[in-house]
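There's a structure below that I have some questions on.
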Amino acid sequence: PEGDRVVFSDGISLRIWNPSTGDVTPIPGGEDGVNPAWSPTGEWIAFEQYARGPEEDGVCEYRQGDEAGALLCLEQRRTWPTLGRAIALVPPDGGEPRILTEGSRPAWGPGGRVYYERGRQIWSVDVDGGDAAPVPSTEEGFQPAVSPDGRWLAFARLDTLSSTSNIWIVELEP
């Protein structure tokens, strides 16, 4: 929010980058975090936190040509299946994450509300508590973004007939 730090995910955890010094600092409590978003005051970072399943070991074979072709290499992999996704909050200096609700891709709105994807619709939740609620007219919506003045919610919507996405906007209640 002050313009001197960038929060990002390396796909495994949240980190803060200081462009003027080049320093990158992991955020304790941001493990399994992706899609971070600063609160307007800089007090919190909302993010999508994955719930991991038990680790699974596997081997992938790479062959030249078809499946019966010459074996080029074997690759051992360790994966963790995703069991769920939650919207969580953590302070920039780290701490125990506070889980708000189930969902993904958070965006901050006015009055301490977070907008996010859930079940093929955009939802919102108050960070100080309260029930999550779907935002009217956002069915099939994803990737929410709130205008700087807090009046508008933009989101992508899939047109199932053409398999393309379009940008839609709805006015937020004051």
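Residue numbers run from 1 in the order of the sequence given. Side-chain atoms are counted along with the backbone in the values below, which use heavy atoms only and exclude waters and symmetry mates.
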Shared hydrophobic cluster, Y115 / F142 (ILVMFWY, side-chain heavy atoms < 4.5 Å) |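 No; F142 is not reachable from Y115 via cluster members.
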Can you tell me how far CH2 of W152 sits from CD1 of I169, rounded to the nearest 0.5 angstrom?
->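 One finds 5.0 Å between CD1 of I169 and CH2 of W152.
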Does CD in E171 sit with more than 12 non-hydrogen atoms of other residues, nucleotides or ligands closer than 6.0 Å?
->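 Counting other residues, nucleotides and ligands, CD of E171 exceeds 12 neighbours.
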Drop me the distance from R77's CZ to D57's CG, to the nearest 0.5 angstrom.
->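 Rounded to the nearest 0.5 Å, the CZ-CG separation comes to 12.5 Å.
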Does V6 share a hydrophobic cluster with V24, counting links as ILVMFWY side-chain heavy atoms below 4.5 Å and allowing steps through other members?
->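 Per the 4.5 Å side-chain linkage, V6 and V24 are co-clustered.
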Flag yes if W123 and V125 sit in one hydrophobic cluster, no otherwise; membership is Ile, Leu, Val, Met, Phe, Trp, Tyr, and two members link when side-chain heavy atoms are under 4.5 Å apart.
->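 Linked within one cluster.
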Would you say the side chains of S124 and R113 form a donor-acceptor pair under 3.5 Å?
->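 Checked: S124/R113 side chains pair up, N/O donor to acceptor below 3.5 Å.
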Salt bridge (Lys or Arg N to Asp or Glu O under 4.0 Å) with E56: which residues, sequence neighbours excluded?
->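 For E56 there are no salt bridge (Lys or Arg N to Asp or Glu O under 4.0 Å) partners, ignoring immediate neighbours.
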Test F47 against V7 for side chain to side chain contact (heavy atoms under 4.5 Å, CB included), laying out the working first.
-> CA-CA 10 Å; F47 66 100; V7 64; over 6 Å; no
Pairwise side-chain contact, P136 with V170, heavy-atom cut-off 4.5 Å (strictly under) =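 Result no, sub-4.5 Å side-chain heavy-atom pair not found.
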Considering all heavy atoms, the nearest S147-R151 contact =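 In this case the closest contact between S147 and R151 is OG-N, 3.3 Å.
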State, to 0.1 Å, how close W108 and W44 come at their nearest heavy-atom pair, and which atoms those are.
->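 The answer is CZ2-CB, 3.9 Å.
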State whether the side chain of Q121 and the backbone N or O of V135 hold a donor-acceptor pair below 3.5 Å, judged by distance alone.
->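 Yes: the side chain of Q121 pairs with the backbone of V135.
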For the hydrophobic clusters of this structure (ILVMFWY residues joined by side-chain heavy atoms under 4.5 Å, transitively), does one cluster hold both F155 and V146?
->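 In one cluster: yes.
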Over all atoms of both residues, closest heavy-atom pair of A37 and P106 =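 Taking A37 first and P106 second, the nearest heavy atoms are CB-O, 3.7 Å.
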Worked check of side chain to side chain contact (heavy atoms under 4.5 Å, CB included) between R120 and E139 | CA-CA 6 Å; R120 304 187 87 169; E139 295 80 4; over 6 Å; no
Between the main-chain N or O of G33 and the side-chain N or O of S9, is there a donor-acceptor pair closer than 3.5 Å?
->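 Side chain of S9 to backbone of G33, a donor-acceptor pair under 3.5 Å: yes, one is there.
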D131 atom CG, over 12 foreign heavy atoms within 6.0 Å |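 Atom CG in D131 is not crowded, with 12 or fewer foreign heavy atoms closer than 6.0 Å.
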Residue pairs fulfilling side-chain hydrogen bond (donor to acceptor under 3.5 Å, both in side chains) with at least one residue in residues 88-103, sequence neighbours excluded =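 Matches after skipping sequence neighbours: T101-R118.
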Which atoms form the tightest heavy-atom contact between S165 and L158, and what is the distance?
->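 In this case the closest contact between S165 and L158 is OG-CD1, 4.0 Å.
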With no hydrogens and no angle check, is any side-chain donor or acceptor of W17 less than 3.5 Å from a backbone partner on F8?
->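 Here the side-chain-to-backbone pair does not exist.
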What are the two closest non-hydrogen atoms of I16 and I27, and how far apart are they?
->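 In this case the closest contact between I16 and I27 is CG1-CD1, 3.5 Å.
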Which value, rounded to the nearest 0.5 Å, describes the distance between L89 atom CG and L100 atom CG?
->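 These two atoms lie 4.0 Å from each other.
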Take atom CH2 in W38; do more than 12 heavy atoms of anything else shown fall under 6.0 Å from it?
->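 More than 12 heavy atoms, drawn from other residues, nucleotides or ligands, come within 6.0 Å of this atom.
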For the side chain of E140 and the backbone of R157, is there at least one donor-acceptor N/O pair under 3.5 Å apart?
->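 Not confirmed, E140 side chain does not pair with R157 backbone.
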List the atom of I87, the atom of R105, and the distance in Å for their closest heavy-atom pair.
->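 Result for this residue pair: CD1-N, 4.3 Å.
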Rounded distance (nearest 0.5 Å) linking atom CG of L172 with atom CG of L153 |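 Atom-to-atom, L172:CG and L153:CG are 5.0 Å apart.
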